[in-house]
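In what follows, chains carry the letters A, B, and so on, assigned in the order in which the sequence lines appear, proteins first and then strands, with residues in each chain numbered from 1.
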Number of protein chains: 2
Amino acid sequence: MNKEQEILAAALKLFVEFGFHGTPTSKIAKEAGVANGTLFHYFKTKEDLIVGLYNHIKDDLNRHLSETQKEKDSLKDKMKNLYTASLQWGLVHKPEFYFIQQFHFSPHLAKVSPEDIERQTRLHLQLLREGVTGEIFKPFPEQLISSTLGGHVYGVYQYLLNTELTQQKQDEIIGQTFELLWDMLTK
Amino acid sequence: MNKEQEILAAALKLFVEFGFHGTPTSKIAKEAGVANGTLFHYFKTKEDLIVGLYNHIKDDLNRHLSETQKEKDSLKDKMKNLYTASLQWGLVHKPEFYFIQQFHFSPHLAKVSPEDIERQTRLHLQLLREGVTGEIFKPFPEQLISSTLGGHVYGVYQYLLNTELTQQKQDEIIGQTFELLWDMLTK
DNA sequence: TTATAGATTGACTGATCACTCCATAAAATT
DNA sequence: AATTTTATGGAGTGATCAGTCAATCTATAA
């Protein structure tokens, strides 16, 4: 791992544990095994580091989710794969998932550029549009379906996070809750 | 409004806008129109203020939700009233709702005492238990139903927040989404 | 009236923090 | 080989901040 990645990894670990406030850049540098100055060589400011870490994680997640998409799958299968992969990635990458949410409720969110946002939501938006224009979903506004979907994933994630289940039980829950979600949203 | 409440109101406003990190206690005191020392007379530390504000808001919300509950209502009506009141309160108290979420993804969450948590979740838990023991809900773990429910509220809230709807349209969406939720969770 | 306790003030402080700066080293480019 | 660019280090700094403190004010009770 190069120094930039070491810094990102250290920042993630400390931000999740102590919050943005509670984490001085000096501690991040120390945890990463680099000098103070090195951190500011890669990230002009602390805020730059925070936003950079967010984009780094989001792109990583997005790359992973994209890999689950196969052209020839039905919409339902594509969405199920997206749903499943999201939850599984979140369970494997707990600090990353927590950080995303922590970031979403911070003033730093406003610093994410529109291009970054577009790139990070393209995949979801595309599937959603497919379902809306194909009249697969119930006749609700696209935004409402999107929000409901997001909320559902969030809720199920919280459950899976707080109950230690075997991989098999986990997959079972994911499958069942997807069906609930699908039945709720489609005609 | 007495000084303690002025401080809480100022803290809420500034925390939501600038985050915990970006809000010095001196600014809070200034915004509240009190001296620095006065703030620390009412709250021993900044963290005390943050946690105190959270409990203050949560108790406020809880008091409001409790008022919607009538003994003789059916479970469905009780839940619908809780659901509706939650969303409406959140829309009227946007900063408060945002602060709750901001707080949930901060290290300060760990400082809320078990008694406070119990008091703040009693109402929800009670209705949930009623539905589980009465076999109204589908046979899922209580925790899963609870999380799903929370996620659903969260999702619909995000939608209502981001779309400027008339009161009437809003109520319509709330009614419709509750039915979706109810159908999804009950037998 | 006096005594006591709480409320309020704002100047002050010790510690901490984000960030700078310059020296050196390594790598890339000419 | 010479030159430029990039990477790294770490001591240093000015600003800021959470929290203190002693003085004053207010109110209530004895």
Side-chain angles (χ1 to χ4, degrees), chain A residues 1-57 95 99 102-103 105-113, chain B residues 1-57 95 99 102-103 105-113:
Chain A
M1 234 185 355
N2 66 30
K3 308 229 164 185
E4 188 175 359
Q5 284 172 321
E6 293 281 5
I7 292 168
L8 287 171
L12 172 64
K13 179 184 167 185
L14 295 172
F15 284 150
V16 165
E17 184 167 2
F18 304 108
F20 300 125
H21 169 47
T23 308
T25 53
S26 56
K27 288 262 172 59
I28 297 172
K30 196 173 213 175
E31 171 83 24
V34 304
N36 273 352
T38 304
L39 188 153
F40 287 96
H41 172 71
Y42 287 103
F43 303 95
K44 274 202 284 294
T45 65
K46 186 181 184 178
E47 169 134 87
D48 244 49
L49 169 59
I50 294 173
V51 177
L53 176 57
Y54 175 76
N55 284 325
H56 178 75
I57 291 174
F99 176 84
Q102 187 181 23
F103 184 90
F105 290 104
S106 83
H108 308 293
L109 177 62
K111 297 291 163 71
V112 181
S113 74
Chain B
M1 232 184 355
N2 66 29
K3 310 229 166 187
E4 187 175 359
Q5 283 172 321
E6 292 282 4
I7 292 168
L8 287 171
L12 172 64
K13 179 184 168 184
L14 295 172
F15 284 150
V16 165
E17 185 167 0
F18 304 109
F20 300 125
H21 168 47
T23 308
T25 52
S26 56
K27 289 260 172 59
I28 297 172
K30 196 173 214 175
E31 171 84 25
V34 304
N36 274 350
T38 306
L39 189 153
F40 287 97
H41 172 71
Y42 287 103
F43 304 94
K44 274 201 286 294
T45 65
K46 187 180 183 179
E47 169 134 88
D48 244 48
L49 169 58
I50 295 173
V51 178
L53 177 56
Y54 175 76
N55 283 326
H56 178 76
I57 291 174
F99 176 84
Q102 187 183 22
F103 184 89
F105 290 104
S106 81
H108 308 293
L109 177 61
K111 297 291 163 70
V112 182
S113 73

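- Atom-to-atom, CG of Asn2(A) to C1' of dA26(C) comes out at 15 Å; the value is rounded to the nearest Å.
- Nearest approach of Phe103(A) to Val51(A), heavy atoms of both residues: CE1-CA, 4.0 Å.
- Across dA18(C), dA18(D), dG9(D), the shortest atom-to-atom separation from the side chain of Phe40(A) is found for dA18(C).
- Ile28(B) has its CD1 atom 17 Å from the P atom of dT16(D), to the nearest Å.
- For the pair Lys27(A) and dT16(C), the criterion of a side-chain N or O lying under 4.0 Å from OP1 or OP2 is not met.
- The closest side-chain heavy-atom distance from Gln5(B) to Asn2(B) is below 4.5 Å.
- In this model, the phosphate group of dA18(C) is not approached by any side-chain N or O of Lys44(A) to a distance below 4.0 Å at OP1 or OP2.
- For the pair His108(B) NE2 and dA18(D) P, the interatomic distance rounds to 11 Å; values are reported in whole Å.
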Without placing hydrogens or testing angles, list every side-chain donor-acceptor pair under 3.5 Å for residues 14-26 of chain A, not counting sequence neighbours.
{"residue": "Thr23(A)", "atom": "OG1", "partner": "Leu14(A)", "partner atom": "O", "Å": "3.2"}
{"residue": "Thr23(A)", "atom": "OG1", "partner": "Gly19(A)", "partner atom": "O", "Å": "2.7"}

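- A 4.5 Å side-chain heavy-atom check between Val34(A) and Ile28(A) finds every atom pair outside the cut-off.
- In this structure, Ile57(A) and Leu53(A) have side chains that are in contact, with non-hydrogen atoms separated by less than 4.5 Å.
- dC17(D) atom P lies 15 Å from atom CG of Leu49(B), rounded to whole Å.
- Legend: salt bridge (charged side-chain N to carboxylate O under 4.0 Å, His left out) pairs involving residues 32-43 of chain B, not counting sequence neighbours: none detected.
- Here the side chains of Ile50(A) and Phe43(A) are not in contact, with every heavy-atom distance at 4.5 Å or above.
- Checked against ring-ring contact (aromatic ring centres under 6.0 Å, His included), Tyr42(B) has no partners two or more places apart in sequence or in another chain.
- Closest to the Ala35(A) side chain, of the nucleotides dA18(C), dG19(D), dG9(D), is dG9(D).
- Taking 4.0 angstrom as the limit, Thr25(A) places none of its side-chain polar atoms (N or O) nearer than this to OP1 or OP2 of dC17(C).
- Residue Thr38(A) places its side chain closer to dG9(D) than to any other of dG9(D), dA7(C), dC19(C).
- The interatomic distance linking Phe43(A) (CZ) with dT8(D) (C1') rounds to 15 Å, in whole Å.
- A heavy atom closer than 4.0 Å to some atom of DNA chain C occurs in no member of residues 6-24 of chain B.
- Rounded to the nearest 0.5 angstrom, Asn36(A) CG and Lys30(A) NZ are separated by 10.0 Å.
- Here the P atom of nucleotide dG6(C) and the NE2 atom of His41(B) are 9 Å apart, to the nearest Å.
- Rounded to whole Å, atom C1' of dC19(C) lies 14 Å from atom CD1 of Ile50(A).
- Using a 4.0 Å cut-off, no side-chain N or O of Tyr42(A) falls inside it from OP1 or OP2 of dT6(D).
- A salt bridge (charged side-chain N to carboxylate O under 4.0 Å, His left out) check over residues 31-51 of chain B, counting only residues at least two apart or in different chains, returns the pairs Lys13(B)-Glu31(B), Glu47(B)-Lys111(B).
- In the set dA18(D), dG12(D), dG9(D), the nucleotide with an atom closest to the side chain of Asn36(A) is dG12(D).
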In 5'-to-3' order, the base (B), backbone-only (S) or no-contact (-) status of each nucleotide in nucleotides 21-29 of chain D, using a 4.0 angstrom heavy-atom cut-off, is ---------
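- Lys46(B) has its NZ atom 4 Å from the P atom of dA18(D), to the nearest Å.
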